[in-house]
Amino acid sequence: MDRPVRPTSCARDVITRKARTLSKITVDQEPGLAETLLTAELDATHTAPTFAELGVRAEIVRALGEIGIERTFAIQELTLPLALAGEDLIGQARTGMGKTFGFGVPLLHRIATAESGTTPLDGTPRALIIVPTRELCIQVTQDLENASKYLTNHQGPLRVASIYGGRPYEAQIAALRSGVDVVVGTPGRLLDLADQQHLILGKIGVLVLDEADEMLDLGFLPDIERILGMVPDKRQTMLFSATMPGPIITLARTFLTRPTHIRAEEPHDSAVHDRTAQFVYRAHALDKSELIARILQAESRGATMIFTRTKRTAQKVADDLAERGFSVGAVHGDLGQIAREKALTKFRKGAIDVLVATDVAARGIDIDDVTHVINYQCPEDEKTYVHRIGRTGRAGRTGVAVTLIDWDELNRWSSIDNALGLGIPEPVETYSRSPHLYADLGIPEGVTGVIRKAKPERDPEAVVVERPARAPRKRNRRRTRGGQPIDGTPNVADAADTEALADADATPSEQAPADADGTDKPARRRRRRRKPTGDATDNTASDESSTEVSDDDVAEETGASDETGTERPARRRRRRRRSGEGDAPAEDTGSTAEPAAAASA
């Protein structure tokens with residue numbers, strides 16, 4: 001309802017300072033949710049103000065200017081005057097409209113300004129930002145570090161810490177002990193460190209709930225309520241969300257004090273970006289991989305994100321595209337936190353141009369120049385669809401969103417189409433060779449589902465340095481024992497070198513004369529016999545006799561081998577008879593009959 005503006009004190013600055021540039025501002029009473037509902041619609045002739053014109057500190061303006069940000073978006077233009085004044089507010093805008101700096105800039109301004117109502121910085125957290133996912137936590141932390149580059153605290157540069165799961169506690173605890181001013185974290189890890197008394201929440205002056213509806217979907221609402229019970233009652237609370245479901249409205253009524261509900265829109269806006277071209281195709285499950293491979297070869301394609309419903313499907317699609325020759329990475333719950341961060345870093349830096357992810361990466365991840373978003377499967381509901389395709393067409397850019405619907409997903413897609421009013425109730429049946437697919441997405445004719453990377457061409461002016469020829473190797477393949485060959489047949493090719501090497505390295509014991517026939521005779525292997533046990537019986541005597549005979553044989557053979565000049569083995573020790581085995585030694589070792597007869601007589 002449009003009417004003459006009679007705003008409350010919290011909204012007066014917005015209206016009086018910006019009524020000339022905003023084409024349409026509506027202020028309504030909203031008893032069910034907030035004290036005031038502020039809605040702004042911008043026309044094409046609207047010129048956004050700069051951050052300096054809205055009263056932001058010069059240090060923040062300078063830091064934002066270095067990263068190419070000078071003028072505000074609609075949600076920032078409306079929230080900054082209220083947030084800088086310390087008012088509670090609810091910010092609602094579509095994804096990709098700059099909500100992060102909508103709360104980040106006033107948050108940094110207030111904690112760094114002594115007259116803003118917050119307590120002076122002393123190393124304990126003054127601001128707390130709660131986000132639903134680890135990836136969003138890292139991104140918000142990076143944005144705040146960029147904006148606070150020139151801000152200082154009582155000891156030096158202003159410090160921003162990220163607290164999230166999947167990483168060791170020790171490093172995060174050490175960061176908190178060394179002193180931080182702003183904490184960005186996920187609910188579970190924040191609650192753990194607060195319960196362990198490592199995270200001090202008693203001096204929080206500014207609290208932000210980012211992507212509140214996603215935290216509701218992930219089941220974090222009880223944890224958020226516990227954290228809100230630990231912070232002081234006298235604080236500024238800002239809640240940002242793309243949608244406002246019932247539980248979030250209840251949360252806002254409970255923990256926000258007379259908030260102003262801000263919605264920044266453009267005329268005839270829909271839930272999704274008008275600059276995003278949307279294509280919906282009915283595709284067979286067995287043809288989806290081939291179809292996506294051809295979409296990825298469109299002429300205008302840049303960085304591309306592919307969303308799946310399950311972790312297993314995400315990894316399967318990533319592996320299949322990698323086999324087809326694409327530079328692809330994956331982000332899903334089965335991967336460790338380090339692997340997920342590495343994949344996102346490569347995607348941001350351009351090392352890979354295709355990222356396959358589950359919905360964990362669909363919320364708040366701001367990656368520049370994402371030209372295409374592909375839904376490999378039908379999203380669960382309209383909110384998931386909006387957030388998925390919101391990864392492209394961000395910050396005034398254009399993009400392409402392609403959704404593949406299987407036959408068993410038609411009913412689900414029909415409900416999404418009715419909720420968003422897309423006008424595509426019956427997707428056209430499409431295969432990887434369908435002509436309309438090539439025409440819609442600008443795919444060149446003749447492409448296949450596999451790409452081959454061109455081989456690097458050699459510079460014709462390059463100087464080619466030939467490698468010198470390798471000297472032939474001389475290898476001795478004879479088997480030796482104790483420096484002497486075993487087989488007695490030397491290698492003909494290496495005979496001369498081997499003999500010279502053997503003569504140079506041989507020891508005096510090894511330089512024994514050869515046999516008469518000129519061949520080397522190997523030493524005879526010694527035989528080991530077991531020691532007999534028990535009393536002296538006939539069998540024992542005969543064994544001893546045979547043992548002594550074998551020892552004599554060994555001695556004779558040893559002597560013979562000495563005569564031939566071969567190496568002599570060690571002489572075997574003669575076994576001595578025990579004292580209790582007989583009355584007297586027998587004269588003849590070959591027979592034991594006579595001593596036995598004398599003993600019986």
Side-chain angles (χ1 to χ4, degrees), residues 1 10-11 26-40 75 78-79 82 87-97 99 102-103 128-133 136 186-188 190-191 207-231 233 235-265 269-272 309 359-360 362-364 378-390 411-422:
M1 178 180 67
C10 62
T26 304
V27 179
D28 291 332
Q29 299 296 321
E30 195 176 21
L33 176 61
E35 182 75 12
T36 306
L37 171 62
L38 179 62
T39 303
I75 186 65
L78 294 175
T79 57
L82 296 174
E87 300 288 343
D88 287 5
L89 57 89
I90 300 170
Q92 184 176 358
R94 294 168 298 147
T95 180
M97 294 299 293
K99 294 192 293 291
F103 62 78
L128 176 64
I129 303 172
I130 306 176
V131 296
T133 63
L136 184 57
T186 53
L190 289 174
L191 197 57
L207 175 68
V208 177
L209 300 177
D210 190 20
E211 301 288 353
D213 52 348
E214 175 68 5
M215 288 191 280
L216 171 66
D217 295 339
L218 296 176
F220 288 142
L221 200 57
D223 293 341
I224 294 173
E225 293 176 350
R226 288 184 58 189
I227 294 174
L228 292 176
M230 298 179 182
V231 298
D233 294 334
R235 66 178 187 273
Q236 178 187 15
T237 305
M238 293 182 281
L239 187 150
F240 284 81
S241 178
T243 58
M244 297 298 298
I248 298 300
I249 295 176
T250 303
L251 183 72
R253 291 174 181 172
T254 306
F255 294 101
L256 273 67
T257 303
R258 301 182 63 187
T260 300
H261 186 188
I262 299 175
R263 287 196 307 225
E265 300 174 354
D269 262 349
S270 62
V272 295
R309 278 207 308 266
D359 290 325
V360 69
R363 282 290 185 132
C378 181
E380 293 291 339
D381 50 32
E382 64 274 9
K383 292 190 300 181
T384 305
Y385 178 80
V386 169
H387 286 290
R388 282 185 180 183
I389 71 171
N411 291 333
R412 182 185 303 162
W413 170 253
S414 178
S415 62
I416 294 174
D417 178 78
N418 292 333
L420 299 178
L422 301 178

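We count residues from 1, following the sequence as given.
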So [Y] and [X], do their side chains get closer than 4.5 Å, heavy atoms only?
X	Y	value
His387	Glu211	yes
Arg235	Leu128	no
Leu422	Tyr385	yes
Val208	Val131	no
Leu209	Leu251	yes
Ile227	Phe220	no

Enter the distance from [X]:[atom1] to [Y]:[atom2] here, rounded to the nearest 0.5 Å.
X	Y	atom1	atom2	answer
Leu89	Gln236	CG	CD	6.5 Å
Gln92	Leu239	CD	CG	10.0 Å
Ile130	Leu207	CD1	CG	5.0 Å
Ile249	His261	CD1	NE2	8.0 Å
Asp223	Met215	CG	CE	10.5 Å

- Quick one: list whatever passes side chain to side chain contact (heavy atoms under 4.5 Å, CB included) with Pro247, sequence neighbours left out.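 Result, side chain to side chain contact (heavy atoms under 4.5 Å, CB included) vs Pro247: Leu216, Leu221, Pro245.
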- Query: Mind checking whether Phe103 and Phe240 have parallel, tilted or perpendicular rings, split at 30° and 60°?
  - Reply: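 Aromatic pair Phe103/Phe240 classed tilted.
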Do you know which two heavy atoms are closest between [X] and [Y], and how far apart they sit?
X	Y	result
Thr79	Ile75	OG1-O, 2.8 Å
Cys378	Arg388	C-NH1, 4.5 Å
Leu191	Met230	CD1-CE, 3.7 Å
Ser241	Ala212	CB-N, 4.1 Å
Ile224	Pro187	CG1-CG, 4.4 Å

- Task: Pick out which of Leu256, Ile262, Thr260 makes a side chain to side chain contact (heavy atoms under 4.5 Å, CB included) with Ile90.
- Result: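 That would be Leu256.
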- Kindly write out the residues that satisfy salt bridge (Lys or Arg N to Asp or Glu O under 4.0 Å) with Arg412, not counting sequence neighbours, or none if the list is empty.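 Checked Arg412 against salt bridge (Lys or Arg N to Asp or Glu O under 4.0 Å); zero matches.
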- Those residues that, when tested against Glu225, pass salt bridge (Lys or Arg N to Asp or Glu O under 4.0 Å) (two or more places apart):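 Expected list: none.
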- Test log, rule side chain to side chain contact (heavy atoms under 4.5 Å, CB included), inputs Ser415 and Asn411: CA-CA 7 Å; Ser415 62; Asn411 291 333; over 6 Å; no
- Query: Is the backbone of Thr237 close enough, under 3.5 Å, to the side chain of Asp88 for a donor and an acceptor to pair up by distance?
  - Reply: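 Yes; judged by distance alone, with no hydrogens or angles, the pair exists.
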- So, Thr384 and Asp381: side-chain donor and acceptor under 3.5 Å apart, yes or no?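 Per modelled atom types, Thr384 and Asp381 side chains form a pair under 3.5 Å.
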